[in-house]
Amino acid sequence: MSVSNFRKAKEKAFLIAVGITTLIAILPLFHIIATVLMNGLPPIVAKGPVFITGTLSEGGIGPAIVGTFMLTFLSSLIGLPIAFLVGVYAYEYPKSAIGRLTKALLQIMLEFPTILVGVFVMDIIAIPMGTYSAFAGAFALAIILMPYVAVYTHEAMRQIPFTYREASFGLGLTKFKAVFRVLVPVSKRGIMTGVLIGMAKVAGETAPLLFTTGGLYQSYPHSISQPVGAIPLLIYTLVQSPSASDHAMAWGASLVLLLIFLAVFIPIRRSLKEVKL
Amino acid sequence: MNEYAIETKNLKISYGDNEVIKGVDLKVLKNVVFALMGPSGCGKSTMLRAFNRLLELNKDAVVEGEVLLFGENIYSPDIDPIEVRRDVGMVFQYPNPFPHLTIYDNVAIGLKLNKLAKNKRELDERVRWALEKAALWDEVKDRMGDYPSDLSGGQKQRLVVARALAMKPKVLLMDEPTANIDPVGTKKIEELLFELKEDYTIILVTHSPAQAARVSDCVGFLYLGELIEVGSTKDIFEKPKNELTEQYVTGELV
Ligand SMILES: Nc1ncnc2c1ncn2[C@@H]1O[C@H](COP(=O)(O)OP(=O)(O)OP(=O)(O)O)[C@@H](O)[C@H]1O
Ligand SMILES: [Mg+2]
């Protein structure tokens, strides 16, 4: 065997090895999706549209779906503007005390156990208010959302080629206008990616809701100062029940959660590909 | 009114401890194309960015000495760098129209954000005027709402010339504007310089002696951060006084 044939064989073996390893790595993901599909589809099909629109006693998870959207929306309302400003500020003033502090703080917050956020918010909001509420849950989720959005915003700002920065300042713009009217729009796709990832993250959270939102599954939520349900929280509750029909419901709810997640995640993938400047 | 558009007095620039411009005294007449030439790394881009205080975006850069713009020191404490940058437009080595803005908005953005147009009609007129000055109007007049990504490199570069001209600057700095575009685009930009110098003073950075010879009225030769020789283009290329200059213009020094 010639040297070059040997090298080709080695390359081929290497490629096959990489292929197999990749397969092993992504197999669990497919397994999860397949399991959720197989177990989740039958209860949804059996119940029909009521599964999506009905209350729990009607055999549906409607209030939980609405609750998840409500919590995600409220937490975004609280968290996104602050996180966005923090991300921009930390990038634009990296040496300032606040800039350095936020960067360190963001790292910690990213890794912070989310259940502790729940305990903290229970202590400062739920207990003083005397009730679980959508607001308390959204506040906890906002704390979890913010570091993701801030870190992605920071990264998006960092990836703007320096020449665009020079071009905008070169037009005699103030720093505020150059940053917020030109550079932020240049990197809007990167920032949007962070926003979507943050929202997808909080839409699937359970732990921070345990002691903050309570739960509401027999009727639709109508106030942010009242308890509210959420799909992950409902799954958690249903799985603990001994009844098989509750378990089936939990699988159905899991499939709905997965679909919501994919509906957010696929656009993210698309927008990520487009982050070309 | 001062006869010089730009004048530097003992200009020194360093990045940290690294001094890259080592005491330059330069005078640039009004309404000329002044070519600043020299080999790669000699400090051309750095010096150019001192003329509109854009160097301040780089926190490590320290400027000493004076830069006079029509007789006024732009580094004196009472001068606002933002005002300076409105008077001194810039075109960069890499064609950099803003990718998220339409062709129209790329030209209009400086006017819009600085609130320099009274109404939409005035803005439209100024955009058109700038694109005509940049010899791009005929090519883009039917696609003002398109994004610049489909333009050729040469068109993009003329678009950013228009973006700079729309601000009605007095001086136009160009940092190797043809380094990244094709020969046809290069020719168009070079032709443009002849038109523009009637109204503006142009400082053109180039590493190509041939380009300097083609387009400029006066030349400065910068070498390792020192201004070796300045003069009319004719003199510099036909009878350079300094040996380094001679070596550079004949292509022996790279
Ligand atoms: N941002 C920076 N930080 C530190 N040093 C820098 C920076 N920019 C440039 N320099 C240094 O300053 C010197 C001059 O660089 P400059 O870019 O001004 O040269 P130039 O003549 O424009 O070169 P070129 O023809 O390659 O564009 C070089 O030695 C370079 O390494
Ligand atoms: Mg340069």
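Each chain gets a letter, A, B and so on, in the order its sequence line appears, and its residues count up from 1. Note that the structure is predicted; figures quoted are calculated from it, not measured.
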Answer with side chain, backbone, both or neither: which region of B/Pro81 has an atom nearer than 4.5 Å to a non-hydrogen atom of chain A?
neither
Please rank A/Lys175, A/Lys177, A/Arg165 by heavy-atom pairs under 4.5 Å with chain B and give me the top one.
A/Lys177
So how far is it from B/Tyr94 OH to A/Thr163 OG1, rounded to the nearest 0.5 Å?
8.5 Å
Considering only heavy atoms, which portion of A/Lys95 lies under 4.5 Å from any heavy atom of chain B: side chain, backbone, both, or neither?
neither
What part of B/Arg53 gets within 4.5 angstrom of chain A, counting heavy atoms only: side chain, backbone, both, or neither?
neither
Report yes if some heavy atom in the side chain of A/Lys188 is under 4.5 Å from a heavy atom in the side chain of B/His100; otherwise report no.
yes
Say you draw a straight line from OH of A/Tyr164 to CG of B/Asn96; how long is it, rounded to the nearest 0.5 Å?
6.5 Å
Using a 4.5 angstrom heavy-atom cutoff, name the option from A/Ala167, A/Gly170, A/Ser168 with the most pairs to chain B.
A/Ala167
Sort B/Leu113 into side chain, backbone, both or neither according to what part of it lies under 4.5 angstrom from a heavy atom of chain A.
both
Determine the option with the most heavy-atom pairs under 4.5 angstrom with chain A, choosing from B/Val88, B/Leu111, B/Leu173, B/Ile82.
B/Ile82
For a 4.5 angstrom cut-off between non-hydrogen side-chain atoms, does A/Arg181 reach B/Lys112?
no
Which pairs would a plain distance check flag for residues 74-85 of chain A, meaning a side-chain donor or acceptor within less than 3.5 Å of a matching protein atom at least two apart in sequence or in another chain?
| residue | atom | partner | partner atom | Å |
| --- | --- | --- | --- | --- |
| A/Ser75 | OG | A/Leu71 | O | 2.8 |
| A/Ser75 | OG | A/Thr72 | O | 3.0 |
| A/Ser76 | OG | A/Thr72 | O | 2.7 |

